[in-house]
Amino acid sequence: MTAAELEKPRLRRDFAALRGEFPALEQLVHGKPLAYLDNAASSQSPTAVQEATALQQRLNHSNVHRGVHALSERATAAFEAARDKVRGFINAATTKEVIFTRGTTESINLVAASFGRRLAPGDEVLITWLEHHSNIVPWQLLCERSGARLVVAPIRDDGSLDVAAFEARLSSRTRVAAFAHVSNALGTINPVAELTRKAHAAGAVVLIDGAQAVPHQRVDVRALDCDFYAFSAHKMYGPTGTGVLFGKSAVLDSMPPYQGGGDMILTVSFEGSTYNALPYKFEAGTPNITGVVGLGAAVDYLETIDFRAVRDHEHALLEYATRRLLTEVPGAKVIGTAPAKAAVLSFVIDGIHAHDLGTIVDREGVAIRTGHHCAMPVMDRFGVAATARASFAFYNNFDDVDRLIAGLRRAVEIFRG
């Protein structure tokens, strides 16, 4: 089946227009127009976000919370405005529940280091086989120092979580259940509300890694009833080095500080210190102010997007890419075919290493990710060393997919003659 034989779904006019607001997509790579399909690693930023961060650096560069001069007050106002934007975006009850971090990884480490202090030998932390290393290693470190045990729920052959096995592994010993909302390696969408209910019924605290969910669907932390939700700005059209940890106020209040330093204290003496109120208790030192301002601008931008239309558009791209891959690229196999799946296409081609695929399609101007995607247990589960991964955003279109397939066919020609 050729591209001409495949009917291309009609794109919404607004997505075609929105594509023009992302300057990076207008460039040439190796002399060819860029088809950027590595959004699960890091999405591009629209002009509005770039302008907001540039303005902060150009006119408002100053520290927050500590000055009475005009620049500090402007920086503080922009910083705290971003916190309130995030609160509204995820429907947190109060800004006290929004903690700024360097990203999803630090958010999870914060919980493991702080909440984890109460774990003891015999306690258990339950995760799933789908997790990114950032939702595995912090819990391993916690278990090593506390004597707790790490328990892993398996996944099925299609890449979906075995929910019954997850529930069977919950017990009175489970203190924390931590799982991804969406798998970065396979695109599997977990039934996180159901998993949260089951974990709470067992008495466990719940952390959701939402890095791959927030850019593509509406997230309501109160509806989910999770205790913690972590995500990163750079996957939601914002800057790198900035992230969020949502935590329920009551749980955060019960936790000791993650780090010590400026801004997380009320008083300091050599005899002892008293700590600041939420959320500042967990924000020691000068934060990434420009990054947080950029995050706020990204939230403003996403608030204008119809997420139901995003879902439909990205799913259409995924279906189109999957059909073309399997019908037109000899030896191609999709890794991860769960019924509930985000716009992530992870695949292998017989006889060609994923890194070689990535290198060849890059020469065609197509950006994909290759490797284990910081999810080595997932690769082990499917018996592969690495996959190639194309991940879509709302600014992608069917021409991007066509370019990907052409690049993969070129790779097959090179390696098989």
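Inspection of the His132 and Asp209 side chains reveals no N or O donor paired with an N or O acceptor under 3.5 Å. Remark: the Thr188 side chain and the Ser160 side chain contain no N/O donor-acceptor pair separated by less than 3.5 Å. Judged purely by distance below 3.5 Å, without hydrogens or angles, the side chains of Glu314 and His216 pair a donor atom with an acceptor atom. Looking only at atom types and distance, the side chain of Thr47 has no donor-acceptor partner in the side chain of Glu21 under 3.5 Å away. A side-chain donor-acceptor contact under 3.5 Å links Glu319 and His315. No donor-acceptor contact under 3.5 angstrom links the side chains of Asp84 and Thr95, judged on distance only. A side-chain donor from one of Thr274 and Thr267 sits under 3.5 Å from a side-chain acceptor of the other. Under 3.5 Å, the side chains of Thr76 and His65 contain no donor-acceptor pair of N or O atoms.
Looking at Arg222, its side chain does come within 3.5 Å of a backbone N or O of Asn91 through a donor-acceptor pair. Counting only distance, with no hydrogens or angles, the side chain of Arg149 and the backbone of Val125 share no donor-acceptor pair below 3.5 Å. Under the 3.5 Å distance criterion, the side-chain polar atoms of Thr128 are left unmatched by any main-chain donor or acceptor of Ala153. Counting only distance, with no hydrogens or angles, the side chain of Lys235 and the backbone of Ser43 share no donor-acceptor pair below 3.5 Å.
Contact of the Leu170 side chain with the Lys198 side chain is registered, since non-hydrogen atoms from C-beta on lie closer than 4.5 Å. You'll find the side chain of Arg117 reaches within 4.5 Å of the side chain of Pro256, heavy atoms only. Between Leu195 and Leu161 the shortest side-chain heavy-atom distance falls below 4.5 Å. Looking only at side-chain heavy atoms (C-beta outward), Phe115 and Val251 come within less than 4.5 Å of each other. Residues Arg410 and Ile360 meet the side-chain proximity criterion, which asks for heavy atoms closer than 4.5 Å. Between Asn39 and Tyr36 there is a side-chain heavy-atom pair separated by less than 4.5 Å. No side-chain heavy atom of Leu345 sits under 4.5 Å from any side-chain heavy atom of Arg389. A 4.5 Å side-chain heavy-atom check between Leu130 and Asn190 finds at least one atom pair inside the cut-off.
Under a 4.0 Å N-O distance rule, the pair Asp253/Lys96 does not qualify as a salt bridge. The pair Asp300-Lys85 meets the salt-bridge criterion, with a side-chain N (NZ, NE, NH1 or NH2) lying under 4.0 Å from an Asp/Glu carboxylate O. Here Glu97 does not pair with Arg87 in a salt bridge; the nearest charged N to carboxylate O distance is not below 4.0 Å. Under 4.0 Å is where a charged nitrogen must lie from a carboxylate oxygen, and between Asp123 and Arg173 no such pair does. Salt bridge annotation for Arg197-Glu194: absent, with no cationic side-chain nitrogen under 4.0 angstrom from a carboxylate oxygen. Between Arg19 and Glu26 there is no salt bridge, since no side-chain nitrogen of the basic residue lies less than 4.0 Å from a carboxylate oxygen of the acidic one. Under a 4.0 Å N-O distance rule, the pair Arg381/Asp157 qualifies as a salt bridge.
Here the options are Ile127, Asn135, Thr196, Asp227, the test is side-chain contact (heavy atoms from CB on, under 4.5 Å), and the partner is Leu207; only Asn135 passes. Remark: of the listed residues Thr387, Thr337, Val334, Thr387 is the sole one forming a side-chain contact (heavy atoms from CB on, under 4.5 Å) with Ser346.
Relative ring orientation between His313 and Phe398 is described as perpendicular, the plane-to-plane angle rising above 60° on a 0-90° scale split at 30° and 60°. Note: Phe394 and Tyr237 have tilted aromatic rings, judged against thresholds of 30 and 60 degrees for the angle between ring planes.
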Problem set entry | Chi angles and distances behind the side-chain contact (heavy atoms from CB on, under 4.5 Å) call for Asn397, Phe15 | CA-CA 9 Å; Asn397 57 33; Phe15 289 129; over 6 Å; no
Problem set entry | Step-by-step side-chain contact (heavy atoms from CB on, under 4.5 Å) determination, His200 to Val205 | CA-CA 7 Å; His200 280 169; Val205 162; over 6 Å; no
For this session: Applying side-chain contact (heavy atoms from CB on, under 4.5 Å), run through Val111 and Val176 and close with a yes or a no.
Result: CA-CA 10 Å; Val111 177; Val176 178; 5.8 Å; no
For this session: Please report the C-alpha distance between Gln44 and Tyr395 in whole Å, then the side-chain angles of each, then the deciding distance to 0.1 Å, and finally whether the side-chain contact (heavy atoms from CB on, under 4.5 Å) criterion is met.
Result: CA-CA 9 Å; Gln44 298 300 321; Tyr395 48 57; 3.6 Å; yes
For this session: Show the numbers, then the answer: is there a side chain to side chain donor-acceptor pair (under 3.5 Å) between Thr290 and Gln56?
Result: CA-CA 6 Å; Thr290 300; Gln56 173 62 30; 4.8 Å; no
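For His61, the NE2 atom sits in a loose shell: 12 or fewer heavy atoms of surrounding residues, nucleotides or ligands are nearer than 6.0 Å. Counting non-hydrogen atoms of other residues, nucleotides and ligands closer than 6.0 Å to CZ of Arg102 gives a total of 12 or fewer. Within 6.0 Å of CZ in Arg66 there are more than 12 heavy atoms belonging to other residues, nucleotides or ligands.
Centroid-to-centroid, the aromatic rings of His372 and His133 come within less than 6.0 Å. Ring centers of Phe231 and Phe246: at least 6.0 Å apart, outside the cut-off. Aromatic pair Tyr280/Tyr275: ring centres not closer than 6.0 Å. In this structure, Phe22 has its ring center under 6.0 Å from that of Tyr301.
Pairing each heavy atom of Val214 with each of Met236, the nearest pair is CG1-SD, 3.7 Å. The two residues Ala386 and Ala354 make their nearest non-hydrogen contact at CB-CB, 4.1 Å.
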